[in-house]
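Notes for the one structure printed next.
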Amino acid sequence: QVQLVESGGGLVQAGGSLRPSCAASGRSFDNYIMGWFRQAPGKEREFVAAISRGGSRTIYADSVQGRFTISRDNAKNTVYLQMNSLKPEDTADYYCAASRNIVIRTTAPAYDYWGQGTQVTVSS
């Protein structure tokens with residue numbers, strides 16, 4: 001089992017940057033595919049980005065492609081989401097998640113463990 005704790009959200013103006021991180025505790029962090037999801041008020045949770053266990057492969061939602069970068073440091077049991085050129089529509093609670101699958105998935109049910117979320121607000 002793995003426990004996930006996000007941090008690094010906040011309030012930023014449009015065009016700015018944030019870098020939330022997600023620290024994992026428990027065993028064998030590098031056995032998990034890691035993902036970021038977000039949920040805006042009144043909307044369903046949506047996929048943002050995911051990274052393979054070794055970090056060599058990444059997948060992004062079309063809405064963040066070219067602006068967000070997911071990375072991981074397995075020595076620190078941490079996954080990051082560098083968010084640049086932020087837009088007001090990026091405002092949401094951001095959640096990291098861990099998957100025991102061997103293939104990267106973009107749907108929430110494919111992920112086994114979730115953090116509590118960190119809030120990101122982008123003002124116009």
Side-chain angles (χ1 to χ4, degrees):
Q1 189 163 350
V2 62
Q3 293 79 42
L4 303 173
V5 179
E6 302 96 334
S7 61
L11 173 64
V12 65
Q13 289 188 330
S17 299
L18 283 173
R19 192 193 190 209
S21 60
C22 173
S25 61
R27 300 176 63 181
S28 304
F29 175 72
D30 56 359
N31 280 349
Y32 295 92
I33 289 169
M34 298 300 297
W36 285 95
F37 289 74
R38 67 186 181 186
Q39 187 167 16
K43 295 188 177 181
E44 293 187 353
R45 190 168 297 190
E46 65 174 0
F47 171 78
V48 175
I51 188 167
S52 61
R53 288 177 286 184
S56 62
R57 186 165 182 243
T58 56
I59 293 177
Y60 297 92
D62 289 344
S63 59
V64 307
Q65 181 76 48
R67 299 188 297 122
F68 291 10
T69 302
I70 187 171
S71 61
R72 67 190 296 164
D73 186 337
N74 285 345
K76 295 182 178 179
N77 284 8
T78 301
V79 62
Y80 306 94
L81 186 67
Q82 178 68 47
M83 305 189 298
N84 298 330
S85 303
L86 282 162
K87 306 174 181 180
E89 52 264 43
D90 294 317
T91 295
D93 290 327
Y94 282 72
Y95 298 87
C96 74
S99 173
R100 291 174 293 187
N101 286 337
I102 60 173
V103 178
I104 296 178
R105 304 290 186 188
T106 62
T107 56
Y111 290 77
D112 304 288
Y113 304 104
W114 293 82
Q116 83 290 347
T118 186
Q119 188 174 51
V120 171
T121 303
V122 184
S123 63
S124 57

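Quick caveat, the model's predicted, so the values are computed rather than measured.
Hydrophobic clustering (ILVMFWY, side-chain heavy atoms < 4.5 Å, transitive): V79 and L18 are in one cluster. If you chain together hydrophobic residues whose side chains sit under 4.5 Å apart, I59 and Y94 never meet in one group. Hydrophobic clustering, with ILVMFWY side chains joined whenever heavy atoms are under 4.5 angstrom apart, keeps I104 apart from F68.
Looking at I51, I70, V64 one by one, the single match for side chain to side chain contact (heavy atoms under 4.5 Å, CB included) with W36 turns out to be I70.
Each disulfide (SG to SG under 2.5 Å) pair with one or both residues in residues 29-69, not counting sequence neighbours, would appear here, but there are none. Within the structure, disulfide (SG to SG under 2.5 Å) pairs that include any residue of residues 75-124 comprise C22-C96 (at least two apart or interchain).
Here the straight-line distance linking atom CZ of R45 with atom CG of D93 works out to 8.5 Å at 0.5 Å rounding. Distance check, rounded to the nearest 0.5 Å: CG of L4 to OG1 of T78 gives 10.5 Å. Here the CG-CZ distance, from N31 to R53, works out to 6.5 Å after rounding to the nearest 0.5 Å. From N101, atom CG reaches atom OH of Y32 across 11.5 Å, with rounding to the nearest 0.5 Å. Atoms CE and OG, on M34 and S99 in that order, are 9.5 Å from each other to the nearest 0.5 Å. Note that CZ of R100 is 13.5 Å distant from CD1 of I102, once rounded to the nearest 0.5 Å.
Within the 4.5 Å cutoff, no side-chain heavy atoms of R67 are placed close to those of M83.
For the pair R72 (side chain) and I33 (backbone), a donor-acceptor distance under 3.5 Å is absent. Under the 3.5 Å distance criterion, the side-chain polar atoms of Q13 are left unmatched by any main-chain donor or acceptor of S123. Between the side chain of Q39 and the backbone N or O of A92 there is no donor-acceptor pair closer than 3.5 Å.
Under the side-chain contact (heavy atoms from CB on, under 4.5 Å) criterion, S17 pairs with Q82, N84, sequence neighbours left out. Not counting sequence neighbours, the partners of S63 by the side-chain contact (heavy atoms from CB on, under 4.5 Å) test are R38, A61. Every residue two or more places apart in sequence or in another chain that forms a ring pair (Phe, Tyr, Trp, His ring centres under 6.0 Å) with F37 is listed here: F47, Y111, W114. Qualifying side-chain contact (heavy atoms from CB on, under 4.5 Å) partners for Q3, counting only residues two or more places apart in sequence or in other chains: Q1, S25.
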**Request:** Quick one: do T121 and T91 satisfy side-chain hydrogen bond (donor to acceptor under 3.5 Å, both in side chains)? Show the steps, please.
**Result:** CA-CA 5 Å; T121 303; T91 295; 5.3 Å; no
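Scanning both residues, G115 and Y95, for their nearest heavy atoms gives O-CD2, 3.6 Å. Closest approach of G9 and V120 over heavy atoms only: CA-CG2, 4.1 Å.
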